[in-house]
Amino acid sequence: MRIGNCIRNVEEISGVKAAGFDFYEFSGKEIAAMDETAFSELVRESETVGLPCIGFNSYCGGRPAIVGEDVSLKETEDYARLLCRRGHRLGIRSIGIGAPAARRLPQDYPVEKADRQCRSFLQITAEECRRWGILLLFEAVHEKACSYAVRTADAVRVVEQAGVPDLGIVLDFYHMHVMGESFSDAEGAFPYLRHVHVSTCEENLWRGYPLWPDREEYRRIFARLKRHGYRQGTVSVENTSFDLETAKSSLEMLRELDRETEG
């Protein structure tokens with residue numbers, strides 16, 4: 001499998017390369033917040049370092065809202081166009097929709113209404129993605145961060161009901177861990193699986209690098225992924241903060257597990 005690292009700062013691209021990762025993902029909401037000069041600098045740095053950006057995670061902050069009272073179809077379309085245009089310049093292949101701040105519902109908000117809003121959001125965003133040859137992926141986000149599609153089964157339901165060709169899933173084992181989900185809870189996601197996120201869950205829900213004490217847990221994750229045919233896919237470490245030496249150690253372990261579980 002190809003293994004990458006999620007980052008938020010331009011300065012970290014060279015560190016991800018130095019650590020030995022195959023690619024990086026960049027925060028979509030940070031991309032959207034850049035002016036054209038800052039974004040051009042990111043593109044130049046990526047080209048200079050020689051490390052591909054394969055996608056955007058952390059799609060947006062609270063706007064455009066995916067569900068809830070603040071939904072705006074125009075904001076949804078305009079934002080998708082901006083990210084896709086910039087993603088095309090970076091050569092990304094996918095955009096992941098986590099965005100917990102955009103998925104917080106008022107108490108007693110009708111689920112059926114939220115489902116309709118999410119379908120519209122995904123249909124509009126996917127249409128823009130198709131224009132640029134970018135794949136759209138949806139992700140379950142744990143209930144301590146948002147209140148819509150918090151379990152893996154919820155994400156599968158959203159994808160199946162969206163009516164969007166080629167809409168895929170990001171399977172994030174961190175969110176599964178917070179929700180107390182087991183491997184069996186991921187079964188329904190495998191037909192739609194296009195990307196994987198991993199990280200440890202530390203104090204205050206801090207996302208850390210998988211390291212050697214976590215080895216057996218991640219060996220089981222890799223073995224299960226491969227048992228379902230996910231052998232040539234991409235896996236990103238989605239950590240809260242980047243540290244070069246920790247990143248190197250984590251990648252060394254993950255590559256070893258990739259080799260061990262190949263058979």
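With hydrogens and angles ignored, the 3.5 Å screen pairs no side-chain donor or acceptor of Ser199 with any backbone N or O of Tyr174. Between the side chain of Ser249 and the backbone N or O of Glu245, no donor-acceptor pair lies under 3.5 Å. Of the possible donor and acceptor atoms, none in the side chain of Thr240 sits under 3.5 Å from a partner among the backbone N and O of Trp206. Under the 3.5 Å distance criterion, the side-chain polar atoms of Gln117 are matched with a main-chain donor or acceptor of Gly68. With hydrogens and angles disregarded, no donor-acceptor distance shorter than 3.5 Å links the side chain of Arg2 to the backbone of Ser236. The backbone N or O of Cys84 sits nowhere less than 3.5 Å from a side-chain atom of Arg131 that would complete a donor-acceptor pair. Under the 3.5 Å distance criterion, the side-chain polar atoms of Asn5 are matched with a main-chain donor or acceptor of Val237. A donor-acceptor distance shorter than 3.5 angstrom exists from the side chain of Asp35 to the backbone of Thr37, with no hydrogens or angles considered. One N or O on the side chain of Arg103 and one on the backbone of Gly98 form a donor-acceptor pair closer than 3.5 Å.
A salt bridge links Arg85 with Glu36: the closest approach of a Lys/Arg side-chain nitrogen to an acidic carboxylate oxygen falls below 4.0 angstrom. Salt-bridge annotation for Glu262 and Arg231: present, with a side-chain N of the basic residue lying under 4.0 Å from a carboxylate O of the acidic one. Remark: Arg219 does not engage Glu256 in a salt bridge, criterion side-chain N to carboxylate O under 4.0 Å. Salt-bridge formation is detected for the pair Arg81/Asp78: a Lys NZ or Arg NE/NH1/NH2 atom is positioned less than 4.0 Å from an Asp or Glu carboxylate oxygen.
Counted by atom type alone, Glu187 and His228 present one or more donor-acceptor pairs between their side chains at under 3.5 Å.
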- Residue pair Arg157, Asp115: steps toward the salt bridge (charged side-chain N to carboxylate O under 4.0 Å, His left out) verdict: CA-CA 10 Å; Arg157 176 180 59 82; Asp115 283 342; 2.9 Å; yes
- Task: Could you check Phe190 against Arg224 for side-chain contact (heavy atoms from CB on, under 4.5 Å), going step by step and ending with a plain yes or no?
- Result: CA-CA 10 Å; Phe190 283 109; Arg224 181 60 66 97; 4.3 Å; yes
- Task: Please test Asp154 against Met179 for side-chain contact (heavy atoms from CB on, under 4.5 Å), starting from the C-alpha separation and ending with a verdict.
- Result: CA-CA 12 Å; Asp154 297 332; Met179 293 301 296; over 6 Å; no
- Message: Pair Glu47, Arg44 - check salt bridge (charged side-chain N to carboxylate O under 4.0 Å, His left out), show working.
- Response: CA-CA 5 Å; Glu47 292 172 347; Arg44 282 194 296 271; over 6 Å; no
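Listed here is the closest heavy atom pair of Tyr209 and Asn239: OH-ND2, 3.2 Å. Residues Pro106 and Glu69 share a closest heavy-atom pair of CG-CG, 4.0 Å. Val198 approaches Tyr218 most closely through the heavy-atom pair CB-CE2, 3.8 Å. Taking both residues in full, the closest heavy atoms of Phe222 and Leu257 are given as CD2-C, 4.0 Å, listed atom of the first, atom of the second, then distance. Here the closest non-hydrogen pair linking Lys226 and Met1 is CE-CE, 3.8 Å. Closest heavy-atom contact between Ala126 and Val164: CB-CG1, 3.3 Å.
The local environment of CG in Asp166 is sparse, with at most 12 non-hydrogen atoms from other residues, nucleotides or ligands closer than 6.0 Å.
Side-chain contact check for Ser58 versus Arg8: every heavy-atom pair is 4.5 Å or farther apart. Within the 4.5 Å cutoff, the side chain of Leu83 has no heavy atoms near those of the Glu128 side chain. Residues Phe26 and Ser46 form no side-chain contact, since every pair of their non-hydrogen atoms from C-beta on lies 4.5 Å or further apart. Counting only heavy atoms from C-beta outward, the side chains of Val16 and Ile7 approach each other to under 4.5 Å. Under the 4.5 Å side-chain criterion, counting only non-hydrogen atoms from C-beta, Glu252 is in contact with Trp212. At a threshold of 4.5 Å between non-hydrogen side-chain atoms, the residues Tyr148 and Val158 count as touching. No side-chain heavy atom of Ile95 sits under 4.5 Å from any side-chain heavy atom of Thr125. Two residues are said to be in side-chain contact when any heavy atoms from C-beta on lie closer than 4.5 Å; Arg89 and Phe39 meet this criterion.
Each of His142, His195, Glu238 was checked for a side chain to side chain contact (heavy atoms under 4.5 Å, CB included) with Asp172, and the lone residue meeting it is Glu238. Looking at Arg194, His197, Arg93 one by one, the single match for side chain to side chain donor-acceptor pair (under 3.5 Å) with Thr234 turns out to be Arg93.
Hydrophobic clustering (ILVMFWY, side-chain heavy atoms < 4.5 Å, transitive): Leu205 and Phe173 are in distinct clusters. Under the 4.5 Å side-chain heavy-atom criterion for ILVMFWY residues, no single connected hydrophobic cluster contains both Leu137 and Trp132. Hydrophobic clustering keeps Tyr192 apart from Leu135 (ILVMFWY residues linked when any side-chain heavy atoms are closer than 4.5 Å, directly or through intermediates). Residues Phe183 and Val170 do not share a hydrophobic cluster, clusters being chains of Ile/Leu/Val/Met/Phe/Trp/Tyr side chains in contact below 4.5 Å. Under the 4.5 Å side-chain heavy-atom criterion for ILVMFWY residues, a single connected hydrophobic cluster contains both Phe121 and Val156.
In this structure, Leu105 CG and Lys113 NZ are separated by 10.0 Å, a value rounded to the nearest 0.5 Å. A distance of 11.5 Å separates CD of Gln123 from OG1 of Thr76, quoted to the nearest 0.5 Å. The CD1 atom of Ile3 sits 8.5 Å away from the OG atom of Ser250 when rounded to the nearest 0.5 Å. In this structure, CG on Leu90 lies 5.5 Å from CD1 on Ile31, to the nearest 0.5 angstrom. Residue Ser241 holds its OG atom at 8.0 Å from CD of Glu12, rounded to the nearest 0.5 Å. Atom CD of residue Glu30 and atom CZ of residue Phe56 lie 11.5 Å apart, to the nearest 0.5 angstrom.
Aromatic ring centres of Tyr79 and Tyr59: separated by under 6.0 Å.
Taking the side chain to side chain donor-acceptor pair (under 3.5 Å) definition, one finds that Glu260 meets it with Arg215, sequence neighbours left out.
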